[in-house]
Amino acid sequence: MIWSALAFGAFFGFGPSNAFGIEIQSPGDGATDAEHIALAAQPEFQAGGWFSFTNSGTGETNWGSATLVTPDWVVTAAHNVLSPDGSTQLPLSRMKIGFGADALTDSTTYAVTQVIRPAGYSPLNYDSDLAFLKLATPVTGITPVGLYTGTLSAGQEVTAIGHGQPGSPATGFLPYDGIERGMVNQLGSQADFQSLFPDLAPGMVMTEFVGDNLSGNYEYFGGNLSLGDDGGGLMVLDNGVWKLAGVNVVGFDSSNYGDHAIYTEISAYSAWISSQSALASIVPEPGAFSLVVASAFAFLTRRTRPKKSRAGVKH
(Lines give C-alpha, C1' and ligand atoms only; values in the text may rest on other atoms or scores of the structure.)
Protein backbone atom coordinates (compact mmCIF):
# COMPACT_ATOMS: atom_id res chain seq x y z
CA MET A 1 0.00 0.00 0.00
CA ILE A 2 1.34 3.45 -0.93
CA TRP A 3 0.65 6.25 1.54
CA SER A 4 1.57 9.84 0.87
CA ALA A 5 0.90 11.47 4.22
CA LEU A 6 1.92 11.13 7.85
CA ALA A 7 -0.77 10.84 10.49
CA PHE A 8 -0.45 13.61 13.05
CA GLY A 9 -2.62 15.01 15.91
CA ALA A 10 -3.48 17.27 18.81
CA PHE A 11 -5.05 16.91 22.25
CA PHE A 12 -5.52 18.90 25.41
CA GLY A 13 -3.96 17.69 28.65
CA PHE A 14 -7.11 15.66 29.14
CA GLY A 15 -10.52 15.64 27.54
CA PRO A 16 -11.47 16.35 23.91
CA SER A 17 -9.03 16.94 21.09
CA ASN A 18 -8.84 20.13 19.09
CA ALA A 19 -7.66 18.51 15.88
CA PHE A 20 -8.43 15.85 13.36
CA GLY A 21 -6.13 14.64 10.64
CA ILE A 22 -5.47 11.35 8.89
CA GLU A 23 -3.25 10.15 6.12
CA ILE A 24 -4.19 10.38 2.50
CA GLN A 25 -3.67 7.37 0.31
CA SER A 26 -2.41 8.27 -3.17
CA PRO A 27 -1.60 5.64 -5.80
CA GLY A 28 1.93 5.49 -7.06
CA ASP A 29 3.47 8.70 -5.74
CA GLY A 30 3.39 8.60 -1.94
CA ALA A 31 5.73 7.60 0.85
CA THR A 32 5.03 4.46 2.83
CA ASP A 33 4.40 4.62 6.56
CA ALA A 34 7.82 3.00 7.05
CA GLU A 35 9.41 5.89 5.15
CA HIS A 36 7.64 8.46 7.36
CA ILE A 37 9.04 6.60 10.36
CA ALA A 38 12.51 6.50 8.82
CA LEU A 39 12.38 10.24 8.16
CA ALA A 40 11.79 10.97 11.85
CA ALA A 41 14.60 8.59 12.78
CA GLN A 42 17.22 10.64 10.91
CA PRO A 43 20.01 11.88 13.23
CA GLU A 44 19.13 15.52 12.57
CA PHE A 45 15.69 14.99 14.14
CA GLN A 46 16.77 13.07 17.26
CA ALA A 47 15.68 15.98 19.48
CA GLY A 48 12.05 15.12 18.76
CA GLY A 49 10.41 13.54 21.80
CA TRP A 50 7.06 12.63 23.32
CA PHE A 51 4.96 14.14 26.09
CA SER A 52 2.51 12.26 28.30
CA PHE A 53 0.06 13.17 31.02
CA THR A 54 -1.68 10.55 33.17
CA ASN A 55 -5.09 11.40 34.59
CA SER A 56 -5.12 10.36 38.24
CA GLY A 57 -8.85 9.84 38.26
CA THR A 58 -9.18 7.58 35.22
CA GLY A 59 -5.63 6.29 34.88
CA GLU A 60 -5.75 7.16 31.19
CA THR A 61 -2.68 8.57 29.47
CA ASN A 62 -2.87 11.37 26.93
CA TRP A 63 -0.03 11.74 24.48
CA GLY A 64 1.67 14.62 22.73
CA SER A 65 5.08 15.58 21.38
CA ALA A 66 7.95 17.87 22.34
CA THR A 67 11.40 19.01 21.18
CA LEU A 68 14.64 19.16 23.17
CA VAL A 69 16.22 22.63 22.91
CA THR A 70 18.82 22.34 25.70
CA PRO A 71 19.80 19.25 27.72
CA ASP A 72 17.19 20.14 30.35
CA TRP A 73 14.49 22.12 28.48
CA VAL A 74 11.90 21.01 25.95
CA VAL A 75 9.37 23.00 23.94
CA THR A 76 5.78 21.82 23.48
CA ALA A 77 2.28 23.24 22.95
CA ALA A 78 0.74 25.05 25.92
CA HIS A 79 -2.52 23.16 25.54
CA ASN A 80 -0.68 19.93 26.38
CA VAL A 81 -0.08 21.15 29.92
CA LEU A 82 -3.41 22.88 30.54
CA SER A 83 -7.00 21.90 31.25
CA PRO A 84 -9.31 21.95 28.19
CA ASP A 85 -10.52 25.49 28.90
CA GLY A 86 -6.96 26.70 29.39
CA SER A 87 -7.60 27.97 32.91
CA THR A 88 -5.59 25.45 34.95
CA GLN A 89 -2.12 24.01 34.61
CA LEU A 90 -2.03 20.25 35.02
CA PRO A 91 0.01 18.73 37.87
CA LEU A 92 3.72 18.49 37.08
CA SER A 93 3.95 15.17 38.88
CA ARG A 94 1.89 13.45 36.19
CA MET A 95 3.83 14.80 33.21
CA LYS A 96 6.62 12.86 31.52
CA ILE A 97 8.97 13.43 28.60
CA GLY A 98 10.79 10.76 26.60
CA PHE A 99 12.89 10.48 23.46
CA GLY A 100 12.54 6.90 22.31
CA ALA A 101 11.19 6.17 18.83
CA ASP A 102 8.20 4.43 20.46
CA ALA A 103 6.52 6.20 23.39
CA LEU A 104 4.75 3.01 24.47
CA THR A 105 7.96 1.04 24.96
CA ASP A 106 10.44 3.76 25.91
CA SER A 107 11.60 3.00 29.44
CA THR A 108 13.68 6.17 29.91
CA THR A 109 11.51 9.07 31.02
CA TYR A 110 12.16 12.53 32.44
CA ALA A 111 10.08 14.26 35.08
CA VAL A 112 8.97 17.86 34.54
CA THR A 113 9.73 20.35 37.32
CA GLN A 114 8.68 23.68 35.81
CA VAL A 115 6.50 25.10 33.04
CA ILE A 116 7.09 28.54 31.57
CA ARG A 117 4.67 29.84 28.97
CA PRO A 118 3.48 33.20 27.66
CA ALA A 119 0.26 34.57 29.12
CA GLY A 120 -2.94 34.64 27.14
CA TYR A 121 -3.43 31.08 25.90
CA SER A 122 -6.88 30.58 24.39
CA PRO A 123 -8.34 27.26 23.18
CA LEU A 124 -10.58 29.26 20.84
CA ASN A 125 -7.84 30.72 18.65
CA TYR A 126 -4.64 29.01 19.93
CA ASP A 127 -3.15 32.30 21.10
CA SER A 128 0.18 31.79 22.93
CA ASP A 129 0.10 28.02 22.36
CA LEU A 130 3.71 27.56 23.44
CA ALA A 131 5.34 26.16 26.58
CA PHE A 132 8.87 25.48 27.80
CA LEU A 133 9.22 22.52 30.19
CA LYS A 134 12.16 22.12 32.58
CA LEU A 135 13.36 18.54 33.04
CA ALA A 136 14.41 17.19 36.42
CA THR A 137 17.60 15.72 34.98
CA PRO A 138 19.55 16.65 31.83
CA VAL A 139 19.14 14.46 28.75
CA THR A 140 22.33 12.78 27.57
CA GLY A 141 23.11 11.20 24.22
CA ILE A 142 20.76 13.47 22.27
CA THR A 143 21.78 16.72 20.60
CA PRO A 144 19.31 19.56 21.26
CA VAL A 145 18.20 21.83 18.41
CA GLY A 146 18.52 25.58 18.39
CA LEU A 147 15.68 28.04 17.89
CA TYR A 148 15.18 29.45 14.40
CA THR A 149 14.87 33.22 14.54
CA GLY A 150 14.75 33.96 10.84
CA THR A 151 11.74 34.94 8.80
CA LEU A 152 9.64 32.11 7.41
CA SER A 153 8.24 32.60 3.91
CA ALA A 154 5.55 31.15 1.67
CA GLY A 155 6.72 28.09 -0.24
CA GLN A 156 9.51 27.33 2.22
CA GLU A 157 10.01 23.62 2.79
CA VAL A 158 9.58 22.50 6.40
CA THR A 159 9.66 19.18 8.26
CA ALA A 160 7.32 18.36 11.14
CA ILE A 161 8.05 15.59 13.65
CA GLY A 162 5.68 13.97 16.13
CA HIS A 163 4.42 10.87 17.94
CA GLY A 164 0.94 10.96 16.41
CA GLN A 165 -1.82 8.46 15.78
CA PRO A 166 -1.49 6.59 12.46
CA GLY A 167 -4.17 5.93 9.89
CA SER A 168 -5.37 6.50 6.35
CA PRO A 169 -8.67 7.26 4.64
CA ALA A 170 -8.94 3.54 3.97
CA THR A 171 -8.40 2.52 7.61
CA GLY A 172 -9.52 5.54 9.60
CA PHE A 173 -7.59 6.16 12.80
CA LEU A 174 -5.57 3.14 13.84
CA PRO A 175 -4.76 2.48 17.52
CA TYR A 176 -2.17 4.84 18.94
CA ASP A 177 1.19 3.11 18.50
CA GLY A 178 3.52 5.70 20.08
CA ILE A 179 5.81 5.71 17.04
CA GLU A 180 7.48 8.90 15.87
CA ARG A 181 6.92 9.96 12.26
CA GLY A 182 7.94 12.88 10.07
CA MET A 183 6.38 14.80 7.19
CA VAL A 184 7.55 17.44 4.73
CA ASN A 185 5.26 20.24 3.53
CA GLN A 186 5.51 23.78 2.26
CA LEU A 187 4.51 26.91 4.14
CA GLY A 188 1.42 28.68 2.86
CA SER A 189 1.20 32.42 2.38
CA GLN A 190 0.01 34.72 5.13
CA ALA A 191 -2.71 35.99 2.80
CA ASP A 192 -4.09 32.46 2.46
CA PHE A 193 -3.73 31.88 6.19
CA GLN A 194 -5.71 35.02 7.00
CA SER A 195 -8.38 34.12 4.47
CA LEU A 196 -8.79 30.48 5.53
CA PHE A 197 -8.48 30.93 9.31
CA PRO A 198 -9.65 34.45 10.06
CA ASP A 199 -9.94 34.06 13.83
CA LEU A 200 -6.63 32.41 14.65
CA ALA A 201 -4.15 34.26 16.82
CA PRO A 202 -1.17 36.24 15.57
CA GLY A 203 2.19 34.51 15.69
CA MET A 204 1.18 31.42 13.75
CA VAL A 205 2.13 29.90 10.40
CA MET A 206 0.37 27.43 8.12
CA THR A 207 1.51 24.54 5.95
CA GLU A 208 -0.31 23.31 2.90
CA PHE A 209 -0.25 19.62 2.08
CA VAL A 210 1.33 19.74 -1.38
CA GLY A 211 2.28 16.06 -1.33
CA ASP A 212 4.83 16.06 -4.12
CA ASN A 213 7.33 18.04 -6.19
CA LEU A 214 9.26 19.29 -3.17
CA SER A 215 12.81 20.37 -3.85
CA GLY A 216 14.52 18.89 -0.80
CA ASN A 217 16.02 15.52 0.00
CA TYR A 218 12.69 13.98 1.01
CA GLU A 219 10.01 13.97 -1.68
CA TYR A 220 6.41 12.82 -1.30
CA PHE A 221 6.36 13.12 2.49
CA GLY A 222 3.45 15.54 2.72
CA GLY A 223 0.82 15.18 5.42
CA ASN A 224 -1.27 16.82 8.10
CA LEU A 225 -1.30 16.97 11.89
CA SER A 226 -3.34 14.40 13.77
CA LEU A 227 -3.82 13.06 17.29
CA GLY A 228 -0.69 13.13 19.45
CA ASP A 229 1.64 15.25 17.29
CA ASP A 230 0.73 18.56 18.89
CA GLY A 231 3.72 20.09 20.64
CA GLY A 232 6.14 18.46 18.21
CA GLY A 233 8.65 20.43 16.20
CA LEU A 234 8.37 22.26 12.90
CA MET A 235 11.94 22.19 11.60
CA VAL A 236 13.74 24.26 8.98
CA LEU A 237 17.20 23.93 7.48
CA ASP A 238 19.20 27.08 8.25
CA ASN A 239 22.61 27.25 6.58
CA GLY A 240 22.97 23.49 6.80
CA VAL A 241 21.70 23.21 10.40
CA TRP A 242 18.21 22.02 11.37
CA LYS A 243 16.47 24.38 13.81
CA LEU A 244 13.12 24.59 15.57
CA ALA A 245 10.95 27.15 13.78
CA GLY A 246 7.53 26.22 15.13
CA VAL A 247 5.41 24.02 17.38
CA ASN A 248 2.71 21.69 16.02
CA VAL A 249 -0.72 22.96 17.09
CA VAL A 250 -3.63 21.72 14.97
CA GLY A 251 -4.50 20.05 11.67
CA PHE A 252 -7.65 20.93 9.76
CA ASP A 253 -9.67 18.87 7.28
CA SER A 254 -8.87 15.25 6.41
CA SER A 255 -5.24 15.36 5.26
CA ASN A 256 -5.95 15.50 1.56
CA TYR A 257 -3.95 17.50 -0.95
CA GLY A 258 -4.51 21.18 -0.21
CA ASP A 259 -5.40 20.64 3.47
CA HIS A 260 -3.69 22.68 6.14
CA ALA A 261 -1.96 22.48 9.51
CA ILE A 262 -1.21 25.31 11.92
CA TYR A 263 1.90 25.94 14.03
CA THR A 264 3.01 28.46 16.64
CA GLU A 265 5.94 30.37 15.13
CA ILE A 266 8.92 30.52 17.51
CA SER A 267 10.29 33.85 16.25
CA ALA A 268 6.97 35.57 16.97
CA TYR A 269 7.70 35.00 20.68
CA SER A 270 11.36 36.00 20.56
CA ALA A 271 10.90 39.10 22.72
CA TRP A 272 9.01 37.09 25.35
CA ILE A 273 11.64 34.33 25.35
CA SER A 274 14.39 36.91 25.78
CA SER A 275 12.54 38.37 28.76
CA GLN A 276 12.51 35.09 30.69
CA SER A 277 15.62 34.79 32.84
CA ALA A 278 15.06 31.06 33.32
CA LEU A 279 15.32 30.58 29.55
CA ALA A 280 18.65 32.37 29.21
CA SER A 281 20.39 29.15 28.14
CA ILE A 282 17.95 28.76 25.24
CA VAL A 283 18.21 32.23 23.74
CA PRO A 284 20.60 32.49 20.74
CA GLU A 285 23.57 34.83 20.61
CA PRO A 286 22.83 38.50 21.44
CA GLY A 287 21.40 40.35 18.50
CA ALA A 288 19.92 37.34 16.77
CA PHE A 289 16.48 37.89 18.24
CA SER A 290 16.50 41.62 17.52
CA LEU A 291 16.53 40.86 13.81
CA VAL A 292 13.18 39.14 13.99
CA VAL A 293 11.24 40.79 16.81
CA ALA A 294 9.22 42.58 14.14
CA SER A 295 7.83 39.24 13.00
CA ALA A 296 5.84 39.13 16.22
CA PHE A 297 3.69 41.93 14.80
CA ALA A 298 3.09 40.41 11.37
CA PHE A 299 -0.06 38.53 12.39
CA LEU A 300 -2.17 41.11 14.18
CA THR A 301 -5.59 40.55 12.59
CA ARG A 302 -8.10 38.39 14.45
CA ARG A 303 -10.58 36.36 12.42
CA THR A 304 -13.64 34.06 12.61
CA ARG A 305 -13.32 30.65 14.12
CA PRO A 306 -12.93 27.76 11.59
CA LYS A 307 -14.81 24.49 11.93
CA LYS A 308 -12.77 21.58 13.14
CA SER A 309 -13.40 18.07 14.33
CA ARG A 310 -12.88 16.90 17.88
CA ALA A 311 -11.74 13.48 19.01
CA GLY A 312 -9.88 12.17 22.03
CA VAL A 313 -6.65 10.24 22.30
CA LYS A 314 -6.79 7.64 25.01
CA HIS A 315 -4.47 4.83 25.92
Side-chain angles (χ1 to χ4, degrees), residues 5-12 16-24 64-65 76-80 82 84-86 117-118 120-131 151-160 162 164 183-211 222-234 236 245-269 294-311:
L6 165 66
F8 266 65
F11 66 93
F12 290 107
S17 164
N18 64 349
F20 179 79
I22 57 177
E23 291 188 344
I24 177 175
S65 300
T76 190
H79 70 253
N80 282 345
L82 297 173
D85 64 2
R117 59 184 179 86
Y121 168 74
S122 169
L124 300 180
N125 65 358
Y126 310 111
D127 193 10
S128 302
D129 203 351
L130 176 70
T151 301
L152 296 174
S153 58
Q156 186 171 356
E157 192 169 315
V158 290
T159 298
M183 68 177 183
V184 179
N185 281 328
Q186 290 178 342
L187 289 174
S189 70
Q190 281 302 309
D192 286 345
F193 171 74
Q194 293 167 8
S195 174
L196 289 165
F197 305 106
D199 79 326
L200 293 189
M204 307 192 83
V205 292
M206 172 187 77
T207 58
E208 181 175 355
F209 178 13
V210 292
N224 202 355
L225 300 180
S226 180
L227 302 172
D229 293 299
D230 50 319
L234 184 71
V236 297
V247 174
N248 304 338
V249 172
V250 61
F252 291 96
D253 305 315
S254 60
S255 197
N256 206 333
Y257 290 128
D259 289 347
H260 303 89
I262 305 299
Y263 311 80
T264 298
E265 185 177 11
I266 294 293
S267 65
Y269 292 87
S295 67
F297 304 100
F299 311 88
L300 295 178
T301 307
R302 305 273 179 167
R303 346 246 195 252
T304 45
R305 189 179 182 188
K307 289 179 65 178
K308 50 189 177 290
S309 301
R310 292 178 177 269

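Quantities reported herein were computed from a predicted structural model and do not represent experimental measurements. Along the sequence shown, residues are numbered consecutively beginning with 1.
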For a 4.5 angstrom cut-off between non-hydrogen side-chain atoms, does [X] reach [Y]?
{"X": "F197", "Y": "I262", "value": "yes"}
{"X": "T264", "Y": "Y269", "value": "yes"}
{"X": "L130", "Y": "I266", "value": "yes"}

Where do [X] and [Y] come nearest, in terms of heavy atoms and distance?
{"X": "S189", "Y": "A154", "value": "CA-CB, 3.7 Å"}
{"X": "L152", "Y": "Q156", "value": "CA-OE1, 3.4 Å"}
{"X": "V247", "Y": "G231", "value": "CG1-CA, 3.6 Å"}
{"X": "Q190", "Y": "M204", "value": "NE2-O, 3.6 Å"}
{"X": "L234", "Y": "A160", "value": "CD1-CB, 4.2 Å"}

_Using only atom types and a distance under 3.5 Å, with no angle test, would you say the side chain of S65 pairs donor to acceptor with the backbone of T76?_
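Not confirmed, S65 side chain does not pair with T76 backbone.
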_Could you work out, with side chain to side chain contact (heavy atoms under 4.5 Å, CB included) as the rule, every residue matching A78, not counting sequence neighbours?_
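Side chain to side chain contact (heavy atoms under 4.5 Å, CB included) list for A78, sorted by chain: L82, R117, Y121, D129, A131.
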_Worked check of side chain to side chain contact (heavy atoms under 4.5 Å, CB included) between V205 and F193_ = CA-CA 7 Å; V205 292; F193 171 74; over 6 Å; no
